[in-house]
Structures are given as C-alpha cells and as structure tokens.
> 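Below is one structure. I have some questions about it.
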Amino acid sequence: MATMLYEGKAKKIFTTDNANEIIVYYKDDATALNGLKKGTIIDKGIMNNTITTFFFDLLGKNGIPHHQIKKLSEREALCKKVTIIPVEVVTRNVAAGSLAKKMGVEEGLVLKRPLVEFYYKNDDLGDPMINADYAESFGFATDAQIAQMKEYALKINDILKAFLLERKIQLIDFKLEFGVDSEGKVILADEITPDTSRLWDLETNEKLDKDRFRRDMGNVEEAYQEVIRRLIGK
Ligand code: UDP
C-alpha cells in the first residue's frame, strides 16, 4: 500500500512497493511570496507533470542524470528515491525578480555570463542565500557536491536555453534541486516547470510563467498551456 511520505507546496510524495522508488503527485496548489500568497492554477499539476517529463527526457538524452523513471498518469511520475540536498540552485541569464530588486537594475538586463546562486532550502527562514562555504560548514552539501551541482546547472542552462530559443522562448532564470541516489551520486530531482523558471516570449517579452500568478497578471493557465504547445506542439 502506498503511503504519503511528504506533502510539499506543489507536490505530494508517495511510497511504492520498491524501497528505491517513489511516486510524485503534482497538485494544482500555487504559492508565492514564500507561502504568503495561496491559490490554485487550474490543471497546473497536469501541465507541470507534462513539462517536467518533457525537460527531464531532453536532459537525460543530453547526459544529465535525473531521478525520473517514467510518467505514470496525468498527475503522477515514478521517480528514484533520493535524499534531497537542501540547497536550491538558481541559474540566471537575465536579471529578474529578486536579483533585479537586489541589484537595482531593470528586469530584462542581460547578464554578461550565466550566474549561479545557492539558497538554503528552508521555508521558515525564507530560503536565505548561501555560498559553498555555508553549504560545507553547515553540512548541507560537500564542496564536491556544490561543484557538481554548479557544473550540471550550467550544462542544463546551455541545453534548455538553446532548445527554448528554437521555440521562441527566452530562458530568463530557473531553480533546480538535486538529490543523492542509492549509489551516492548527485542527480537532478524535483521539477522544471513555469513554477520554477522564468520563461519570456522571444518577440514580445510576454511572461509565460508563475510571475503571472505572483503579480496577478491573469491568463496564468493559458501561459502554462502555451509553454506546452511550444514544447510539444499541442
Ligand atoms: N524559484 C523557485 N523557488 C523558490 C525561489 C525561486 O522555484 O523558492 C525560482 C523562480 O521561479 C525563478 C528563479 O527561481 O525562476 C529565481 O527566483 P528569484 O530569486 O528571482 O525569486 P522571486 O523573485 O521569484 O521571489
């Protein structure tokens, strides 16, 4: 019998008969402002399962190890069980959101080179920004794991940026989470969706991501659907 291991803001995790595998269930719940703003994006769970599956397949084909085994249903994916490293890895090509605010620049400023940042995954603290020394000192991740995550993040950025550009989407920034698998290897986990990335239309700069929800811009569902249409053509 499957039991729920964990319920997060956007997903639930269930056990399976195999101790090394879990089921990820994607919910429609949407949160922003560190959980202060709550709402629902209709069928987000279905759309995000489709989008994550698409991106993980693409990355897997390009040599990035990840946790997903296969999509099981509209909202469920079978994944390898990993121990999540409590460090969120954000990669940015263009200044937006918290970076634009912090540095006092316009959203849309193109960075001279991709910027990789680390945040301690802790809702109560509002995910504070950390560096490799913090990760090592507090025991969140080793220097080698931090280096590995940064290397993967930059490679993933190259792959996704080029792919999305062909679909007339600019990859502004995105957040990744990694886990350690049963062999001790660092692999990509969690999700890659419009919840965890900023995607702008190449021609109009129209936002096709969760900023539409965060900033009450409307047409949130339509934006996620448009991403799917451009990725998969439906
Ligand atoms: N992000 C995320 N989870 C978080 C914080 C950020 O998925 O807890 C994503 C966010 O969607 C964006 C990128 O990471 O694509 C950078 O977010 P930023 O630091 O600008 O924070 P925000 O302005 O979204 O609060």
Side-chain angles (χ1 to χ4, degrees), residues 6-11 24 26-39 41 44-45 47-49 51-52 55-56 59 66-67 84-111 113-131 134-135 140 149-150 152-154 156-157 159-161 163-164 169-179 188-201 205-217 220 223-224 226-227 231:
Y6 174 81
E7 176 160 13
K9 286 174 288 190
K11 300 186 288 298
V24 176
Y26 286 81
K27 305 192 288 182
D28 287 349
D29 300 355
T31 59
L33 308 169
N34 195 31
L36 239 56
K37 183 183 169 81
K38 287 193 175 71
I41 299 174
K44 175 167 80 80
M47 297 190 283
N48 279 356
N49 191 19
I51 295 168
T52 295
F55 282 140
F56 279 10
L59 293 171
H66 61 77
H67 75 155
I84 291 287
I85 296 171
V87 175
E88 299 190 350
V89 182
V90 171
T91 306
R92 306 175 182 268
N93 298 302
V94 174
S98 71
L99 179 69
K101 200 171 167 196
K102 178 168 70 178
M103 298 306 293
V105 299
E106 288 280 304
E107 276 210 312
L109 176 84
V110 178
L111 300 171
R113 64 164 205 201
L115 177 64
V116 178
E117 301 171 335
F118 302 105
Y119 294 87
Y120 173 39
K121 186 175 156 68
N122 184 313
D123 282 340
D124 293 339
L125 300 175
D127 296 347
M129 192 180 194
I130 59 168
N131 64 19
Y134 278 67
F140 303 148
M149 291 194 288
K150 183 172 176 181
Y152 282 144
L154 289 170
I156 291 166
N157 186 47
I159 297 163
L160 296 185
K161 205 171 114 179
F163 181 88
L164 288 166
I169 292 175
Q170 307 171 66
L171 179 60
I172 305 301
D173 58 35
F174 59 98
K175 184 264 302 180
L176 301 173
E177 292 183 27
F178 293 86
L188 178 65
D190 195 48
E191 62 176 88
I192 302 178
T193 66
D195 275 15
T196 62
S197 62
R198 288 194 168 93
L199 306 171
W200 294 2
D201 179 84
N205 283 344
E206 189 190 353
K207 297 182 198 307
L208 301 172
D209 55 57
K210 202 166 109 179
D211 273 346
R212 301 200 74 88
F213 170 79
R214 293 188 188 102
R215 302 178 189 185
D216 296 317
M217 298 169 76
V220 187
Y224 282 56
E226 178 62 18
V227 171
L231 294 183

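Every number for a ligand or one of its atoms is a count from 1 in the order of the listing. Because only heavy atoms are used, hydrogens play no part in the values below, and waters and symmetry mates are left out as well, while side chains stay in.
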> Considering only heavy atoms from C-beta outward, does the side chain of Y119 approach that of I130 to under 4.5 Å?
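The answer is no, as the side chains (C-beta and beyond) never meet within the 4.5 Å cut-off.
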
> Please step through salt bridge (Lys or Arg N to Asp or Glu O under 4.0 Å) for the pair R198 and D211, ending with a clear verdict.
CA-CA 8 Å; R198 288 194 168 93; D211 273 346; 2.6 Å; yes

> Tell me every residue that passes side-chain hydrogen bond (donor to acceptor under 3.5 Å, both in side chains) with K44, counting only those two or more places apart in sequence or in another chain.
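Only D195 meet the side-chain hydrogen bond (donor to acceptor under 3.5 Å, both in side chains) criterion with K44.
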
> Can you list everything that forms a salt bridge (charged side-chain N to carboxylate O under 4.0 Å, His left out) with D216? Sequence neighbours excluded, please.
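By the salt bridge (charged side-chain N to carboxylate O under 4.0 Å, His left out) rule, D216 matches K37.
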
> So which protein residues pack against ligand 1 under 4.0 Å, heavy atoms counted?
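Near ligand 1, by chain and number: E88, V90, R92, A96, G97, S98, Y119, D127, D173, K175, D195, T196, S197, R198, R214.
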
> Once salt bridge (charged side-chain N to carboxylate O under 4.0 Å, His left out) is applied, do any residues pair with K9, and if so which ones, sequence neighbours excluded?
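By the salt bridge (charged side-chain N to carboxylate O under 4.0 Å, His left out) rule, K9 matches D123.
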
> Grab the two heavy atoms, one from A189 and one from F56, that are nearest each other, plus how far apart they are.
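Minimum heavy-atom contact is O-CZ, 3.5 Å.
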
